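Just so it is clear: chains get the letters A, B, ... in the order the sequence lines come, proteins before strands, and each one is counted from 1. Atoms considered below: every heavy atom in the structure, side chains included; atoms not considered: hydrogens, waters and symmetry mates. Since the model is a prediction, treat every value here as computed from it, not as a measurement.
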Protein chains: 2
Amino acid sequence: MDEILLKKYADVENCPVRNVLDRFGDKWSTLVLLVLDDVAVIRFNEIHKMIDSISQKMLAVTLKSLEADGLIIRKQYPEIPPRVEYTLSERGASLIPHIKSLVQWANANFEDITKSRAAYKK
Amino acid sequence: MDEILLKKYADVENCPVRNVLDRFGDKWSTLVLLVLDDVAVIRFNEIHKMIDSISQKMLAVTLKSLEADGLIIRKQYPEIPPRVEYTLSERGASLIPHIKSLVQWANANFEDITKSRAAYKK
DNA sequence: CAGGATCCGGGTAGATACTG
DNA sequence: CAGTATCTACCCGGATCCTG
C-alpha cells in the first residue's frame with residue numbers, strides 16, 4: 001500500500017479510507033446506488049418498493065446524503081402531486097464498477113463465508 | 001445488473017450484497033484487512049499501534065469476526081508471555097484488490113466530495 | 001502480552017403521525 | 001406524492017478494570 005494511506009491510518013478526520021467507508025458503511029447507500037444504476041431514472045416511492053425493507057425515513061436520509069456528496073441528482077418537478085426523480089451523477093456512475101466488483105466477490109464467497117461462520121460457533 | 005441481485009433487494013437475510021456490506025460497514029474491518037495486507041504478519045498490539053484510534057475492545061471484536069469469516073488466520077503460540085500472530089487468509093487476500101480499488105476511488109474523489117458536501121450545506 | 005468482562009452514554013434506526 | 005417531525009429503544013463503541 002501507498003505510504004500516503006499508511007500514514008493516514010491514524011488520521012481519522014481526513015482519511016479518505018475512513019471517509020469512503022463511512023459513506024458505504026451505512027446500511028443503505030450502496031444498495032440505493034445499485035438500484036439507481038439499474039433503472040437510470042426513478043422516483044422516491046419506486047425505490048421504496050424495490051428496497052422494501054428500508055424505512056421511509058432512512059430512504060430520505062440516504063438520498064439526501066448521496067445528493068450532498070454529488071453521487072446522485074435530484075430533479076424536482078413543480079407539479080401537484082409532486083414528482084421527484086433521482087438519477088446517478090457522473091461521479092456516482094464512476095463508483096458503480098467498484099461496488100459491483102465487490103458485490104461479485106460477495107456473491108462468489110458468500111456461501112463459504114457463511115459456512116466458516118457457522119463452523120466457528122461450534 | 002443481474003436478475004439475481006435485483007430479486008434479492010428485498011431479501012435482507014440471504015442477500016450477499018447486504019451480507020458483504022455488513023462486513024464492510026462496520027467501522028474497522030476494512031482498515032484491519034488493509035493493515036494485514038500491508039505487513040503480512042502482525043501481532044495484536046502492533047495493529048493497535050498502527051490504528052491507534054481503535055479501542056482495544058473493538059480491535060478484538062473485529063479480529064474475531066474476521067477470523068470467524070475465514071478472512072484472517074489467527075496463530076497462537078503457547079508461550080509466556082503469550083504471542084498471537086495474524087495473517088490474511090487466501091480468502092482475505094482475494095478481497096484486498098476490491099477494497100483497494102474502492103480506496104483508490106475514494107482518494108481520487110475525496111476532495112470533490114468534500115467540496116460538494118460543503119456547498120450543499122449553504 | 002492478548003485479550004475478557006462489565007458498565008455506561010450517545011447516536012441512529014425504526015415506528016408513527018403529520019403536511020405542502 | 002414525497003417527504004418532515006417527533007419520540008423511543010436499542011445497539012455500538014469507548015473507558016475502565018481484570019486475568020491467564
### Query
Given atom CE of A/M58 and atom P of D/dA5, what is their separation to the nearest angstrom?
16 Å
### Query
By a strict heavy-atom criterion of less than 4.0 Å, which residues belonging to residues 60-81 of chain A are in contact with DNA chain D?
A/A60, A/K64, A/R74, A/P81
### Message
Applying a strict under-4.5 Å side-chain criterion to I, L, V, M, F, W and Y, I'd like to know whether A/I73 and A/L71 cluster together.
### Response
no
#### Entry: Protein-nucleotide distance (A/F44, atom CZ; D/dG3, atom P), rounded to Å
5 Å
### Summary
Taken to the nearest whole Å, CD1/A/I47 to C1'/D/dG3 is 12 Å
### Query
To the nearest 0.5 Å, what is the distance between NZ (A/K115) and CG (B/D69)?
14.5 Å
#### Entry: Rounded distance in Å - CD1 (A/I54) to P (C/dG14)
8 Å
#### Entry: Residues A/K100, A/D37: salt bridge by 4.0 Å N-O rule
yes
### Message
Rounded to whole Å, how long is the line connecting atom CD of B/Q56 with atom C1' of D/dC17?
### Response
11 Å
### Query
Within less than 4.0 Å of OP1 or OP2 of D/dC1, is there a side-chain N or O belonging to A/Y86?
no
### Message
Whole angstroms only, please: what is the CD-C1' distance between A/E46 and D/dG3?
### Response
15 Å
### Task
Scan side-chain atoms only and decide if B/S65 and A/R117 contain a donor-acceptor pair under the 3.5 Å cut-off.
no
### Task
Would you indicate which nucleotide in D/dA2, D/dG14, C/dC1 comes nearest to any side-chain atom of B/S55?
D/dG14
### Query
So, B/Y86 and B/E67: side-chain donor and acceptor under 3.5 Å apart, yes or no?
no
### Message
At 10 degrees resolution, what angle do the end axes of the helix from C/dC1-D/dG20 to C/dG20-D/dC1 form when each is taken over five base pairs?
### Response
50°
### Query
Choosing from D/dG14, D/dC1, C/dG3, which nucleotide comes nearest the side chain of A/N45?
D/dC1
### Query
Just one of B/V35, B/I72, B/L66 clears the side-chain contact (heavy atoms from CB on, under 4.5 Å) bar with B/L88, so which one?
B/I72
### Message
Of the listed nucleotides (C/dA2, C/dT6, D/dA2), which one gets closest to any side-chain atom of B/K57?
### Response
C/dT6
### Task
Please check the phosphate of C/dC1 (OP1 and OP2 only) for any side-chain N or O of B/R43 closer than 4.0 Å.
no
### Summary
A/H48 atom NE2 is separated from D/dA2 atom P, nearest whole Å, by 12 Å
### Message
As a test of reading the structure: which of C/dG14, C/dC7, C/dC1 is closest to the side chain of A/W28, going by heavy atoms?
### Response
C/dG14
### Query
Under 3.5 Å, is there a donor-acceptor pair linking the side chains of A/R91 and B/S116?
yes
### B/K27 side chain, from C-beta outward: closest of D/dG13, D/dT4, D/dC17
D/dG13
